S.K.: 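Just dropping this structure here.
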Amino acid sequence: MDVAVPPLSPDTIFMPLDQPLELKSTLESGQAFRWQQDGEWWWGVVGRHAYALRQVDGGLDVRSSSRSMSAAVTELHDFLRLDDDLDAVYQRLAVDQPLAKAVERYRGMRILRQEPWECLASFLCTPTSNISRISANLKSVAETYGETLTLDGHRLYRFPGASRLAEAGEKGLRGLGLGFHGKFLAQAAKVVADGQLDLMALRSASYQEAKTALLELPGVGDKVADCVLLFSLEKLDGFPVDRWVRRALVDWYGHPEKAKYRDLLEWAQTKWGSDAGYVQQYLFHHRRLQDASDRAD
DNA sequence: GAAGGGCCTTTGAG
DNA sequence: ACTCAAAGGCCCT
């Protein structure tokens, strides 16, 4: 069946994919909070540039504020972790019932390789919050303090650097509705801006070394640390246990409700090794959306 | 050292 | 108008 397709603007390029990718679940599964859907296009920022992405047969249509489209494709490839062999991960997880179900539903959901500072700042805003509020908070922060980018008439904002948010301070951030998260974010911003913590260097550190360093920051406990490790610091064995993952582990794998965080973490890492991060993402997303649809009944 | 409890911001749902 | 919950962490017993 033929569908009328508007012509692509001249600077749209097609990026072929040889990996499973589903944009919606990847960008709306609580790992990144600033991508926005407008019709079939997804708008967001990676590095120094704005992007618009559209899922099409066999790949993505890409628009970017970058002058070099080859650099843009490289940057997206990195961001989307297309270097991970997701089908191989699926094969290893297929023996497990809840995971097989989650993979069937959300095939193509990928872990993202985010910028460590934005990732840390984002997850400092998550405790006892919810995804829609977290997204609103981070949007305010970026619009207030971030550099403006434009792409095809759309305005997007880079996430502000640590020194900019250190200047903003707790007051400025609380003023944006961040609540007590504003204090943690301001404090972390100062530590990073002062060079006391080199986030990028943690990419080449071990899981334990990197985690120990993150746990020094006020507002960073086991869970936030594991999110930053998994979503931005190359630690695919990171296994953040939040409310939803805990429910999944209790109901589907027989763990006691009050199991200690570190016992659950060790169990997951022993069982799934460096697939633990993907396991967590599928359990989280599956469980969260399942409960949401149950409530809608 | 482990375990339990109170507290912290804001927002939306019921 | 009230209570509950939301990708938790900290501090005190």
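When reading the values below, keep in mind they use all heavy atoms of this one structure, side chains included, and skip hydrogens, waters and symmetry mates. Just so it is clear: chains get the letters A, B, ... in the order the sequence lines come, proteins before strands, and each one is counted from 1. Note that the coordinates shown come from a computational prediction; the quantities given were computed from them, not determined experimentally.
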S.K.: Calculate the interatomic distance between Met109(A) atom CE and dA7(C) atom P; express it in whole Å.
M.R.: 15 Å

S.K.: I'd like the P distance from dT9(B) over to dC12(C), given in whole Å.
M.R.: 16 Å

S.K.: Starting at atom CH2 of Trp244(A), determine the distance to atom P of dA5(C), rounded to an integer number of angstrom.
M.R.: 11 Å

S.K.: Taking NE2 from His181(A) and C1' from dA7(C), how many angstroms apart are they, rounded to a whole number?
M.R.: 11 Å

S.K.: Which nucleotide wins on minimum distance to the side chain of Gln281(A), given the candidates dG8(C), dA7(C), dG4(B)?
M.R.: dA7(C)

S.K.: What's Arg287(A) touching, base or sugar-phosphate or nothing? Going by heavy atoms closer than 4.0 Å.
M.R.: nothing

S.K.: Would you classify Gly30(A) as touching base, sugar-phosphate or nothing, given that sugar-phosphate means primed atoms plus P, OP1 and OP2, and contacts are heavy atoms under 4.0 Å?
M.R.: base

S.K.: Output the rounded distance in Å from CZ (Arg247(A)) to P (dG8(C)).
M.R.: 9 Å

S.K.: Out of dT9(B), dA7(C), dG9(C), which nucleotide sits closest to the side chain of Thr128(A)?
M.R.: dT9(B)

S.K.: Run the salt bridge (charged side-chain N to carboxylate O under 4.0 Å, His left out) check on Glu234(A) and Arg113(A) step by step: do they pass?
M.R.: CA-CA 7 Å; Glu234(A) 302 294 303; Arg113(A) 182 183 283 112; 2.6 Å; yes

S.K.: Only one of Val46(A), Thr148(A), Leu149(A) forms a side-chain contact (heavy atoms from CB on, under 4.5 Å) with Arg158(A), so which one is it?
M.R.: Leu149(A)

S.K.: Provide the distance between the two P atoms, one in dA2(B) and one in dG8(C), to the nearest whole Å.
M.R.: 23 Å

S.K.: One thing to verify: whether Asp226(A) and Lys211(A) come together as a salt bridge, which I'm taking to mean a side-chain N less than 4.0 angstrom from a carboxylate O.
M.R.: yes

S.K.: Within the modelled atom types, does a donor on one side and an acceptor on the other bring the side chain of Arg133(A) and the base of dT11(B) under 3.5 Å apart?
M.R.: no

S.K.: When the distance from CZ of Arg262(A) to C1' of dG8(C) is rounded to whole Å, what number comes out?
M.R.: 14 Å

S.K.: Pick the nucleotide of DNA chain C nearest each of Pro240(A) and Leu217(A); which residue has the one closer to the 5' end?
M.R.: Pro240(A)

S.K.: Between dC7(B) and dA7(C), how many Å separate the two P atoms, rounded to a whole number?
M.R.: 24 Å

S.K.: Looking only at the side chain of Arg243(A) (C-beta and beyond, no hydrogens), which of the listed nucleotides dA7(C), dG8(C), dT9(B) gets closest?
M.R.: dG8(C)

S.K.: Centroid-to-centroid, Phe123(A) to Phe33(A), below 6.0 Å?
M.R.: yes

S.K.: Could you tell me the separation between the NZ atom of Lys183(A) and the P atom of dG8(C), rounded to a whole number of Å?
M.R.: 18 Å

S.K.: By centroid distance (under 5.5 Å) and plane angle (under 30°), are Phe284(A) and dA7(C) in a stacked arrangement?
M.R.: yes

S.K.: Aromatic rings Phe159(A) and Trp117(A): how do their planes relate, parallel, tilted or perpendicular, breaks at 30° and 60°?
M.R.: tilted

S.K.: Expressed as a whole number of angstroms, how long is the span from Arg174(A):CZ to dT10(B):P?
M.R.: 7 Å

S.K.: With a non-hydrogen cut-off below 4.0 angstrom, is Ser122(A) in contact with a base, only sugar-phosphate, or nothing?
M.R.: nothing

S.K.: If you find the nucleotide of DNA chain C closest to Ser129(A) and the one closest to Tyr261(A), which residue's nucleotide is nearer the 5' end?
M.R.: Ser129(A)

S.K.: Within the 4.0 Å heavy-atom criterion, would you say Val245(A) contacts the bases, only the backbone, or no part of the nucleic acid?
M.R.: nothing

S.K.: Classify Ile131(A) by what it touches in the nucleic acid, base, sugar-phosphate, or nothing, heavy-atom distance under 4.0 Å.
M.R.: sugar-phosphate

S.K.: In whole Å, I'd like the distance from the CZ atom of Phe180(A) to the P atom of dC8(B).
M.R.: 11 Å

S.K.: Strictly by Watson-Crick or wobble contacts shorter than 3.5 Å, is anything paired with dA2(B), and which nucleotide is it?
M.R.: none

S.K.: When the P atoms of dT11(B) and dC10(C) are compared, how many Å lie between them, rounded to an integer?
M.R.: 23 Å

S.K.: Using the C1' atoms only, state how far dG4(B) lies from dA6(C), rounded to an integer number of Å.
M.R.: 22 Å

S.K.: Is the ring centre of Trp252(A) less than 6.0 Å from the ring centre of His286(A)?
M.R.: yes

S.K.: If you look at every strand shown and take non-hydrogen atoms under 4.0 Å, does Asp222(A) touch a base, only sugar-phosphate, or nothing?
M.R.: sugar-phosphate

S.K.: Looking at dA3(B), dT9(B), dA7(C), which one has an atom nearest to any side-chain atom of Lys260(A)?
M.R.: dA3(B)

